[in-house]
> 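One structure coming up, written as structure tokens, with questions to follow.
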Amino acid sequence: MDKSTNVLIVDDYKTMLRIIRNLLKQLDFDNVEEATDGQEALAKLRAGQFGLVISDWNMQPMTGLDLLKEVRADARLRDTPFIMITAESKTENVIAAKQAGVSNYIVKPFNAETLRDKIAKVLTHA
Amino acid sequence: MPDGLPDQERIEQAVRAVLSSLAGALTSTEAVLLGELEALGREVARAKSEIAALRVDVINDSHIPAATDELDAVVEHTAKATNEILDACETLEGLAPRLSGEAAEVVAGAVTRIYEACSFQDITGQRIGKVVAALKAIERRVAAITSSFAPAEAAPAAAEAAPGQRTEGERLASGPQLPAAAASQAEIDRLLASFE
């Protein structure tokens with residue numbers, strides 16, 4: 001997997017952003033940017049070049065699922081690998097995310113190994 | 001009907017007035033029904049008195065705001081503590097280049113485990129958010145009850161967002177499940193694989 005990939009992490013909990021950033025750093029991903037909700041993330045995605053999005057679900061004013069739908073509807077962004085990383089663990093949530101085009105789905109609390117495996121999987125298939 | 005009387009007395013007077021005006025013209029069934037009506041009126045008046053005595057307004061004015069403030073403080077303190085822990089971890093990671101291979105690996109492994117454990121703050125924050133939402137729902141219902149029994153004193157209840165105005169993402173966002181009800185990562189992986 002390409003460790004130079006630009007990664008956008010999206011979460012409304014600053015602490016969670018910091019944890020994911022540090023775990024990514026341990027995996028040698030150094031090009032990491034942050035956003036605290038879907039709208040901010042979408043603006044950054046449209047302004048930049050990102051090879052991976054790792055997003056929480058439950059955020060305001062735009063949720064992770066709504067961000068995913070916007071990404072998949074955007075001709076330039078639609079192929080960007082998108083991992084949902086969330087405490088939403090109900091089957092209907094996973095199905096809705098899959099139908100919206102999620103690349104992989106991690107349920108919180110998660111461990112570093114799961115994060116590494118899912119990133120490797122989606123970047124390999126990208 | 002005389003003004004200035006308590007509700008209970010006004011209801012009883014009204015029922016007695018109806019009964020006396022109908023005296024002699026009632027069948028036994030109608031008399032029983034009117035008796036039931038009188039008893040019902042007394043029950044309503046008693047319930048109103050009891051609700052007034054409970055001071056439900058205090059729940060909205062004091063108890064619920066105090067509870068939500070306490071919960072907000074829990075989130076704030078756990079966030080602060082978690083950030084202190086992360087500061088310490090980053091300091092340890094900064095030392096890694098100066099450690100020998102095995103020691104560096106042990107420190108890196110321990111720091112990773114601390115990062116993983118620190119995600120508790122996100123989960124507890126979301127759980128507390130659900131409790132606050134439940135308290136606010138109780139607050140709205142208490143306000144509705146207070147309003148129906150004492151319109152002049154009732155505060156307007158905050159409106160809930162209509163389901164039709166929410167996106168699918170908002171509608172499905174319900175926060176962490178309790179452990180017994182939550183799907184595991186392995187179950188989610190199997191579900192995702194079933195689409196392929």
Side-chain angles (χ1 to χ4, degrees), chain A residues 11-27 38 55-70 84-100 102-118 121 125, chain B residues 75-76 78-87 89-90 92-93 96 107-109 111-127 129-130 161 166-179 181-196:
Chain A
D11 201 304
D12 55 347
Y13 272 80
K14 294 268 172 63
T15 310
M16 204 65 220
L17 287 173
R18 193 172 170 188
I19 290 168
I20 296 172
R21 176 187 276 276
N22 286 348
L23 289 172
L24 288 172
K25 192 177 170 191
Q26 288 185 340
L27 298 173
S55 176
D56 184 27
W57 183 308
N58 202 340
M59 302 174 289
Q60 289 292 337
M62 184 189 282
T63 68
L65 184 69
D66 296 320
L67 171 64
L68 171 61
K69 289 178 178 179
E70 291 285 344
M84 193 75 79
I85 184 164
T86 173
E88 304 290 345
S89 59
K90 286 191 289 192
T91 302
E92 60 181 325
N93 290 69
V94 182
I95 291 171
K98 186 64 188 174
Q99 288 173 338
V102 79
S103 310
N104 221 311
Y105 197 105
I106 298 175
V107 65
K108 293 177 184 172
F110 63 97
N111 59 40
E113 190 183 351
T114 301
L115 181 64
R116 186 194 61 212
D117 290 351
K118 302 303 180 193
K121 194 172 178 185
H125 287 94
Chain B
V75 173
E76 191 181 319
T78 55
K80 194 176 171 190
T82 307
N83 279 310
E84 289 284 332
I85 294 167
L86 295 176
D87 285 344
C89 283
E90 287 167 7
L92 289 174
E93 283 192 310
V107 169
V111 166
T112 301
R113 286 170 57 201
I114 295 170
Y115 286 148
E116 291 168 357
C118 280
S119 65
F120 86 93
Q121 201 265 325
D122 180 16
I123 306 290
T124 52
Q126 290 193 51
R127 287 200 191 285
K130 289 171 84 170
R166 295 187 295 169
T167 65
E168 184 184 23
E170 289 167 338
R171 191 170 48 75
L172 290 174
S174 57
Q177 304 299 296
L178 289 172
S184 67
Q185 185 65 51
E187 289 167 330
I188 288 170
D189 289 347
R190 279 196 293 277
L191 181 59
L192 289 175
S194 72
F195 284 89
E196 292 165 2

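None of these values were measured; they are calculated from a predicted model. Just so we're on the same page: letters track the sequence lines, and every chain starts at 1.
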> Check whether any side-chain N or O of A:Glu88 sits under 3.5 Å from a backbone N or O of B:Ser174 as a donor-acceptor pair, and report yes or no.
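Yes; judged by distance alone, with no hydrogens or angles, the pair exists.
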> With rounding to the nearest 0.5 Å, note down the distance linking CG in A:Leu65 to CD in B:Glu170.
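Nearest 0.5 Å value for the CG-CD distance: 10.5 Å.
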> Using a cut-off of under 4.5 Å for heavy-atom pairs, which of B:Thr82, B:Asp189, B:Ile114, B:Val111 has the most such pairs with chain A?
B:Asp189
> Flag the one option from A:Lys25, A:Lys69, A:Met59 with the top tally of heavy-atom pairs under 4.5 Å to chain B.
A:Lys69
> For A:Lys90, give me all partners under salt bridge (charged side-chain N to carboxylate O under 4.0 Å, His left out), at least two apart in sequence or on another chain.
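Scan of A:Lys90 (salt bridge (charged side-chain N to carboxylate O under 4.0 Å, His left out), adjacent residues dropped) gives A:Glu92.
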> Going through the checks in order, is the side chain to side chain contact (heavy atoms under 4.5 Å, CB included) test met by A:Met16 and B:Gln121?
CA-CA 8 Å; A:Met16 204 65 220; B:Gln121 201 265 325; over 6 Å; no
> Kindly say whether A:Pro109 contributes a backbone atom to a donor-acceptor pair with the side chain of B:Gln185 at under 3.5 angstrom?
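Side chain of B:Gln185 to backbone of A:Pro109: no pair is present.
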> Just by distance, with hydrogens left out, do B:Tyr115 and A:Asn22 show a side-chain donor and acceptor under 3.5 Å apart?
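Looking only at side-chain atoms, A:Asn22 and B:Tyr115 do form a donor-acceptor pair, the distance falling under 3.5 Å.
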> Listed by chain and number, what are the salt bridge (charged side-chain N to carboxylate O under 4.0 Å, His left out) partners of A:Asp12, not counting sequence neighbours?
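Testing A:Asp12 for salt bridge (charged side-chain N to carboxylate O under 4.0 Å, His left out), a comparison that skips the adjacent residues, returns none.
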> Please indicate whether B:Lys130 has more than 12 foreign heavy atoms, meaning atoms of other residues, nucleotides or ligands, lying under 6.0 Å from its NZ.
yes
> Locate the shortest heavy-atom distance separating A:Tyr13 from B:Gln126; write the atom from each residue and the value.
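Looking at all heavy atoms of both residues, the shortest contact is OH-N, 3.4 Å.
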> State the OG1-NZ distance between A:Thr15 and B:Lys80, to the nearest 0.5 angstrom.
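The OG1 atom of A:Thr15 sits 13.0 Å away from the NZ atom of B:Lys80.
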> Is B:Glu90 salt-bridged to A:Arg18, going by a charged N under 4.0 Å from an acidic O?
yes
> Could you go step by step and tell me if A:Ile19 and B:Asp122 meet the side chain to side chain contact (heavy atoms under 4.5 Å, CB included) rule?
CA-CA 10 Å; A:Ile19 290 168; B:Asp122 180 16; over 6 Å; no
> Could you tell me which non-hydrogen atom of B:Gly169 sits nearest to which non-hydrogen atom of A:Trp57, and how far apart they are?
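The pair with the smallest heavy-atom distance is O-NE1, 2.9 Å.
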> Given that the side chain runs from C-beta out, which part of B:Ser194 has a heavy atom under 4.5 Å from chain A: side chain, backbone, both or neither?
neither
> Which bit of A:Ile106 is near chain B, if near means a heavy-atom gap under 4.5 Å: side chain, backbone, both or neither?
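For A:Ile106, the contact with chain B is made by backbone and side chain together.
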> With a 4.5 angstrom heavy-atom cut-off, is it the side chain or the backbone of A:Ser89 that approaches chain B, or both, or neither?
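Both parts, heavy atoms under 4.5 Å.
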> Need one label for A:Thr86: side chain, backbone, both or neither, based on atoms under 4.5 Å from any heavy atom in chain B.
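Neither part.
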> Which atom names give the shortest non-hydrogen contact between B:Ala108 and A:Gln26, and what distance separates them?
O-NE2, 4.0 Å
> Please report the closest heavy-atom contact between B:Glu116 and A:Glu113, naming both atoms and the distance.
OE2-N, 4.5 Å
> Check each atom of A:Thr114 against the heavy atoms of chain B and say whether the ones under 4.5 Å are side chain, backbone, both or neither.
side chain
> Of all the heavy-atom pairs spanning A:Ala112 and B:Thr112, show the shortest one and how long it is.
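That closest heavy-atom pairing would be CB-CG2, 3.4 Å.
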> Name the region of B:Ile123, side chain, backbone, both or neither, that has any atom closer than 4.5 Å to a heavy atom of chain A.
side chain
> Heavy-atom distances under 4.5 Å only: say whether A:Lys118 touches chain B with side chain, backbone, both or neither.
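Contact with chain B is through the side chain of A:Lys118 alone.
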> Does any backbone or side-chain atom of A:Ile20 lie under 4.5 Å from a heavy atom of chain B? Answer side chain, backbone, both or neither.
neither
> Check whether A:Lys14 gets within reach of chain B through its side chain, its backbone, both or neither, counting any heavy atom under 4.5 Å.
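Interface part for A:Lys14: neither.
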> Can you say whether B:Ala117 sits under 4.5 Å from chain A via the side chain, the backbone, both, or neither, judging by heavy atoms?
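Neither the backbone nor the side chain of B:Ala117 comes within 4.5 Å of chain A.
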> If I measure from the heavy atoms of chain A, does B:Leu172 come under 4.5 Å with its side chain, its backbone, both, or neither?
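The answer is both parts of B:Leu172.
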> Among B:Ala79, B:Cys89, B:Gly175, B:Gly125, which has the most heavy-atom pairs under 4.5 Å with chain A?
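Top option by heavy-atom pairs under 4.5 Å: B:Gly175.
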> Can you measure from CD1 (A:Ile95) to CG (B:Leu192) and round to the nearest 0.5 angstrom?
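Reported to 0.5 Å precision, the distance equals 9.5 Å.
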